[in-house]
Amino acid sequence: MRQRAGMILCIAGMLLLFAPDVNYRQFLLNAAAITVEHWPIGLVILGLILLRPHKGKRRS
């Protein structure tokens with residue numbers, strides 16, 4: 001959970017650093033269009049997340 005939040009904050013910070021005056025409505029429309037056109041990449045990413053080994057909690 002912390003890693004995902006850190007990644008989101010990192011991407012948001014980089015976006016604001018390099019494009020502080022970007023039109024966010026247009027950005028979201030472009031992101032939605034890319035998502036619709038390339039939706040199978042979501043399955044690949046989901047598969048990679050599910051294949052990542054999880055650390056099990058040890059009972060002591």
Side-chain angles (χ1 to χ4, degrees):
M1 185 74 170
R2 284 180 37 202
Q3 293 169 342
R4 290 182 190 157
M7 185 61 74
I8 291 170
L9 289 175
C10 182
I11 291 172
M14 287 174 39
L15 180 68
L16 291 172
L17 268 176
F18 294 115
D21 57 348
V22 71
N23 183 355
Y24 293 106
R25 179 167 283 176
Q26 187 66 31
F27 177 75
L28 290 175
L29 287 174
N30 287 340
I34 290 171
T35 303
V36 168
E37 292 175 11
H38 303 293
W39 63 270
I41 193 73
L43 295 176
V44 172
I45 293 172
L46 181 62
L48 291 173
I49 290 171
L50 292 175
L51 288 174
R52 187 182 67 196
H54 294 282
K55 295 180 181 177
K57 293 183 179 180
R58 289 186 177 183
R59 292 184 182 187
S60 54

Revision key, fill the gap. So CG of L16 and CD1 of I11: to nearest 0.5 Å the spacing works out to 12.0 Å
Exercise for review: Evaluate the side-chain proximity of N30 to R25: yes if any heavy-atom separation is below 4.5 Å, no if none is.
Suggested key: no
Study note, to complete from the structure: One should read off an interatomic distance between M7 CE and R2 CZ, to the nearest 0.5 angstrom, of 13.5 Å
Point to revise | Euclidean distance, I41 CD1 relative to I34 CD1, rounded to 0.5 Å | key: 12.0 Å
Revision key, fill the gap. One should read off an interatomic distance between I49 CD1 and R4 CZ, to the nearest 0.5 angstrom, of 5.5 Å
